[in-house]
Amino acid sequence: MRISVRRTGGFAGIERYGEVDTAGRPDDGEWRALARQAVAAGRGAPPAGVPDGFAYRITVDDETVYCADPHLTGEQRELISRVLKEGA
Amino acid sequence: MTTHGGFEPVFCTVVPPHILDRLARNDDPALSGPAHRTLVRDSELRGRRRVTTEFALAPAPAAKAPSDQPLRTIYDAGHGTALPGTEVRREGGEPGRDATVNRAYAGLGATFDLFLKAYGRHSIDGDGLPLDATVHYDEDYNNAFWNGEQMVFGDGDGEIFLDFTLPIDVIGHELTHGVTQYTANLTYYGQPGALNESMSDVFGSLIKQYSLGQTAAEADWLIGAGLLAERVTGVALRSMKEPGSAYDDDVLGKDPQPATMDDYVRTGRDNGGVHINSGIPNHAFYLAATQLGGHAWERAGQIWYDVLTGGELRPQALFADFAGLTVKAARARYGDGGDEHEAVRKAWEQVGVRTL
């Protein structure tokens with residue numbers, strides 16, 4: 001499973017991107033479950049953001065969803081954090 | 001700048017938009033969506049404000065003049081994301097051990113002061129709105145934002161960004177988003193979005209200048225000075241004096257801000273480049289203020305404030321609309337052909353924005 005996260009906006013206006021391929025990883029199942037939950041709670045188009053808030057695009061294989069601070073689910077927050085950290 | 005051991009530039013964690021564009025990951029099917037979402041957000045915010053206003057006005061038997069004192073409350077999110085968090089200091093309370101809380105409290109006060117003493121505005125909404133801020137939001141959170149009701153500050157990750165309460169202009173920047181929301185309500189996308197960002201940079205910088213008692217010549221005209229961690233090559237996040245010069249770093253990339261319309265950046269990223277093209281109106285303000293000299297909040301700031309709050313600035317205003325209104329406001333307040341009128345007109349000409 002390929003998971004990518006693009007973060008835009010923020011006070012600094014500086015973009016971040018991360019990508020993880022979970023195939024063959026011992027924690028593949030955990031990633032899959034997390035990604036499924038994060039995508040299920042995402043939107044098909046960028047949702048209403050707030051000034052200087054981060055906006056996120058999450059792509060899991062060929063499915064893309066959007067979400068924005070401060071309205072993230074716990075799973076979205078964790079997935080974003082892990083992908084930007086590990087897949088950067 | 002040192003190289004980061006084992007660091008692969010291609011996979012770097014923080015990448016500026018122009019590099020990412022080259023990485024060809026911009027096959028985004030929904031770039032046209034942001035305009036729509038902004039409209040939805042604006043209508044949501046307007047609806048919420050109307051409801052709040054009616055609710056607040058109903059029980060009041062007589063209109064009471066808003067206080068000349070701020071009503072501040074600082075909350076601590078404890079590195080979580082639930083807002084507002086635990087109350088840690090309220091108006092009149094003594095400073096505590098947490099420097100972040102104390103800085104947020106002082107910054108809210110400095111912002112309240114500038115708007116009241118320079119422009120006679122009572123708080124963000126002009127009607128004494130209580131000022132709430134949450135600090136220690138999330139973990140290693142590299143951001144600060146205004147959520148429509150309150151300010152939120154992260155601690156930074158210590159690697160790239162430090163605590164977002166450190167620069168007083170960042171605090172002023174976020175609160176000015178509130179002032180804009182209650183006045184011109186500039187749409188947060190494209191040129192009106194860049195104007196919205198520029199308003200926050202202009203008044204954020206003026207709050208710093210006012211609190212330090214600086215003249216336009218003495219000010220650094222930087223946004224976010226003191227926010228970058230030591231290893232980052234840069235002085236701040238933006239420069240109004242010289243847009244595009246704030247940082248040039250192997251991890252952050254280079255400051256992408258243009259100073260004039262010749263270098264205007266067309267992009268769908270960052271809400272249509274709101275933090276990029278704001279460099280143009282930012283620089284126009286710097287030029288007008290330094291041409292006039294003295295305290296920038298007095299004449300240049302007054303003209304910008306007149307336009308932001310005057311009722312003629314539309315939510316969808318473009319740079320030229322805004323520029324034209326500042327020339328008109330300068331003439332109205334200080335006279336036709338006066339120094340102020342000339343300085344403002346010339347400033348826009350220098351950044352390539354026509355003011356007909």
Side-chain angles (χ1 to χ4, degrees), chain A residues 2-21 38-39 41-88, chain B residues 11-17 19-20 23 25 28-31 33-34 36-38 40-42 44-45 81 83 137-140 142-148 152 160-161 164 170 173-174 177-178 180-181 188 193 196-197 200 224 227 237-238 252-253 256-257 269-271 273-276 278:
Chain A
R2 284 167 66 90
I3 308 168
S4 72
V5 171
R6 188 187 77 186
R7 189 189 78 191
T8 60
F11 178 81
I14 294 168
E15 203 162 296
R16 266 188 81 173
Y17 180 81
E19 190 174 311
V20 168
D21 190 343
V39 165
R43 305 265 199 99
V50 298
D52 289 325
F54 285 135
Y56 307 92
R57 185 191 69 183
I58 302 172
T59 302
V60 176
D61 290 333
D62 53 5
E63 191 175 6
T64 293
V65 297
Y66 300 85
C67 51
D69 272 352
H71 305 294
L72 301 184
T73 64
E75 290 81 13
Q76 287 174 336
R77 202 176 295 281
E78 190 184 339
L79 182 74
I80 288 165
S81 164
R82 287 178 65 174
V83 171
L84 290 181
K85 200 171 281 177
E86 293 187 31
Chain B
F11 302 106
C12 61
T13 56
V14 180
V15 186
I19 294 202
L20 273 153
L23 291 176
R25 295 220 168 256
D28 198 325
L31 284 180
H36 172 69
R37 93 180 110 118
T38 306
V40 170
R41 177 183 66 93
D42 286 349
E44 281 172 0
L45 287 174
T81 57
L83 292 174
Y137 180 77
D138 210 347
E139 288 177 29
D140 298 329
N142 278 337
N143 204 20
F145 60 88
W146 165 259
N147 80 345
V152 180
I160 297 164
F161 293 109
F164 275 74
V170 172
H173 175 107
E174 294 312 323
H177 277 308
T180 300
Q181 175 191 316
Y188 205 64
N196 189 322
E197 269 302 310
S200 281
L227 184 60
L237 282 172
R238 293 184 278 279
L252 278 184
Q257 282 213 312
R269 305 287 182 80
D270 181 32
N271 288 296
V274 296
H275 293 90
I276 298 174
S278 56

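Residue numbers begin at 1 in each chain, while the letters A, B, ... track the order of the sequences.
- Rounded to the nearest 0.5 Å, atoms OG1 (Thr8(A)) and CG (Asn271(B)) are 7.0 Å apart.
- Options Leu237(B), Val274(B), Asn143(B) differ in how many heavy-atom pairs under 4.5 Å they form with chain A, and the most are formed by Asn143(B).
- Here the shortest heavy-atom pairing between Gly9(A) and Asp270(B) reads CA-OD1, 3.6 Å.
- Only the side chain of Glu197(B) comes within less than 4.5 Å of a heavy atom of chain A; its backbone N, CA, C and O stay farther away.
- Options Leu227(B), Leu83(B), Asp138(B), Thr180(B) differ in how many heavy-atom pairs under 4.5 Å they form with chain A, and the most are formed by Asp138(B).
- Of all non-hydrogen atoms in Tyr188(B) and Asp52(A), the two that sit nearest each other are OH-N, 3.0 Å.
- With Pro51(A) as reference, His177(B) is the one residue of Glu174(B), His173(B), His177(B) to meet the side chain to side chain contact (heavy atoms under 4.5 Å, CB included) rule.
- Here the options are Phe145(B), Trp146(B), Phe164(B), the test is side chain to side chain contact (heavy atoms under 4.5 Å, CB included), and the partner is Phe11(A); only Phe164(B) passes.
- The side-chain heavy atoms of His275(B) and Ile14(A), taken from C-beta on, include no pair separated by under 4.5 Å.
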